[in-house]
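Accompanying notes for the structure given below.
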Amino acid sequence: MTHLQESWFSRIAGQGARMLRTLPPEFAHDVAIRCLEADSLAWFPGACFPGAAPDVAAAASGPDVDLRVSVPGIGTIPHPVGLAAGFDKNARAIRGLARLGFSHMEIGAVTPLAQPGNPRPRLFRYPADESLINRMGFNNDGAEMISARLRALAWNHESCPVGVNIGKNKDTAASEAIDDFLKVHDAFKDSASFFVVNLSSPNTPGLRELASPAFVERIAAAFGPRTRGLWIKFDPDMSRDVFQELVRATGDHGFAGLVLTNTHRVASPQAGGQSGAPLAALSNRTLEWAWEVHRGAIPTIGVGGMMTGRDIFDKIARGSRAVQIYTSFVYRGPWVVAMMLRELKEELRRRGFHSVAEAFGSYHA
Ligand SMILES: Cc1cc2nc3c(=O)[nH]c(=O)nc-3n(C[C@H](O)[C@H](O)[C@H](O)COP(=O)(O)O)c2cc1C
């Protein structure tokens, strides 16, 4: 793959992404998923995004800066950048997304039963702020269908670990929520690489209110030894005291780690969860608060507002073992992983680091 070809492909893909952004947001998302699904077809792999995989490989490799990271329970991955939950809720496009270079990804949120989510419109773009607001409400095909899809793929998790974001059905009472978590976990126990319990979506009434130390303890009691494979995803809107109590509970009960964070709850210009650039500071704040409690002992995956490689550096320096993106994928297009890895390398080099591992936690030094 020559440099000229790479730039042609990435330029065309960039144009495609710009065209998508002229369409209504959720329709554009569906088109993107269909393209990635087509890209997954065995008879013509890489058809929609030729050249992406080699371009990411080139961006990730090289002797100067080592981007590899080891995430306990997930494994050693070639670079830290994964895809956040909510993009491929139904596990339709895993192969295509892996080809775009994500080092790991979360599918879902998956609930035990299929549900339609909230009425449309429920996804809104704010390009001037590089943000999105969504109130999707866990629209998904349900655990049975999605796990069958993942099993049929016979996915090689060593190439790209795929985890499941676990949700509860809207109609499930709070007192029954853990049964929902167990059902989803059970459906994927042989096909997923890791699990993230979602206690943080602002769009399922009552879900965030479950995030208490007592509830975290109840989850651990219900899951028993399986708790070691469970991550918990929290929201960025809590006070420091409340948040730090939760971090302590997560560590005390032996969870795999923390995914920080979900979206920021807003009431205007639309009600829902805000993602993208305005979320970065809030999400970074939770990483700092978490570090005050665990000093790097609880594995943390940083999510929220990373638009450039520099923003990835900020998360790693604050103690994230890996990171996940969503909104920058929408705004920067299918080459986002390659672009952000180049920027991350540049930032590491500028600061005199030779590897991501070396930069881990450096903000707190
Ligand atoms: C349309 C949309 C749907 C989402 N759905 C989920 C979800 O089902 N489960 C979840 O844990 N997070 C979900 N998220 C949150 C993302 O995983 C991520 O935490 C958030 O967008 C912040 O990252 P970003 O600023 O890079 O987008 C969703 C985000 C968006 C924009």
Might you confirm whether atom [atom1] of [X] has over 12 heavy atoms from other residues, nucleotides or ligands at distances under 6.0 Å?
| X | atom1 | answer |
| --- | --- | --- |
| Glu292 | CD | yes |
| Arg21 | CZ | yes |
| Glu209 | CD | yes |
| Arg226 | CZ | yes |

So [Y] and [X], do their side chains get closer than 4.5 Å, heavy atoms only?
| X | Y | value |
| --- | --- | --- |
| Ile316 | Phe353 | no |
| Lys315 | Ser283 | yes |
| Arg248 | Pro213 | no |
| Arg149 | Asp141 | yes |
| Asp88 | Phe102 | no |
| Pro269 | Tyr126 | yes |
| Thr261 | Asp235 | no |
| Leu199 | Leu246 | no |

For [X] and [Y], indicate whether the former's side chain and the latter's backbone hold a donor-acceptor pair under 3.5 Å.
| X | Y | result |
| --- | --- | --- |
| Arg135 | Ala271 | yes |
| His354 | Asp66 | no |
| Asn262 | Pro202 | no |
| Asp180 | Ala177 | no |
| Ser131 | Gln274 | no |
| Asn140 | Gly108 | no |
| Lys183 | Lys168 | no |
| His157 | Ser191 | yes |
| Arg332 | Met307 | yes |
| Gln115 | Phe138 | yes |

Using a strict threshold of under 4.0 Å (side-chain N to carboxylate O), is an ion pair present between [Y] and [X]?
| X | Y | value |
| --- | --- | --- |
| Arg285 | Glu288 | no |
| Asp237 | Arg265 | no |
| Asp30 | Arg92 | no |
| Asp64 | Arg349 | yes |

Let me check something: do [X] and [Y] share a hydrophobic cluster, defined by ILVMFWY side-chain heavy atoms less than 4.5 Å apart, either directly or through other members?
| X | Y | result |
| --- | --- | --- |
| Val81 | Leu279 | no |
| Trp335 | Val31 | no |
| Val336 | Tyr331 | yes |

Atom pair [atom1] ([X]) and [atom2] ([Y]), whose distance is rounded to the nearest 0.5 Å:
| X | Y | atom1 | atom2 | result |
| --- | --- | --- | --- | --- |
| Gln244 | His294 | CD | NE2 | 10.0 Å |
| Ile232 | Leu260 | CD1 | CG | 10.5 Å |
| Lys233 | Asn165 | NZ | CG | 5.5 Å |
| Lys345 | His79 | NZ | NE2 | 11.0 Å |
| Ser193 | Met105 | OG | CE | 11.0 Å |

Using the ring pair (Phe, Tyr, Trp, His ring centres under 6.0 Å) criterion, which residues pair with Tyr363? Sequence neighbours excluded.
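Ring pair (Phe, Tyr, Trp, His ring centres under 6.0 Å) list for Tyr363, sorted by chain: empty.
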Can you list everything that forms a ring pair (Phe, Tyr, Trp, His ring centres under 6.0 Å) with Phe234? Sequence neighbours excluded, please.
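Applying ring pair (Phe, Tyr, Trp, His ring centres under 6.0 Å) to Phe234 gives none.
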Quick one: sort the [X] and [Y] rings into parallel, tilted or perpendicular, breaks at 30° and 60°.
| X | Y | answer |
| --- | --- | --- |
| Phe181 | Phe215 | perpendicular |
| Tyr326 | Phe87 | perpendicular |
| Trp291 | Phe360 | perpendicular |

Would you say [Y] and [X] are linked by a side-chain donor-acceptor pair, where the criterion is simply a distance under 3.5 Å?
| X | Y | result |
| --- | --- | --- |
| Ser275 | Thr327 | yes |
| Ser70 | Thr76 | yes |
| Lys170 | Thr111 | no |

Could you go through the salt bridge (charged side-chain N to carboxylate O under 4.0 Å, His left out) check for Arg351 and Glu347 one step at a time?
CA-CA 6 Å; Arg351 292 172 181 258; Glu347 188 64 22; 2.7 Å; yes
With side chain to side chain contact (heavy atoms under 4.5 Å, CB included) as the test, pick out the partner of Arg318 among Thr300, Asn284, Thr286.
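The single option meeting the side chain to side chain contact (heavy atoms under 4.5 Å, CB included) with Arg318 is Asn284.
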When Ile, Leu, Val, Met, Phe, Trp and Tyr are grouped by side-chain heavy atoms lying under 4.5 Å apart, directly or through other members, which residues fall in the same group as Met145?
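Besides Met145, the cluster holds no residue at all.
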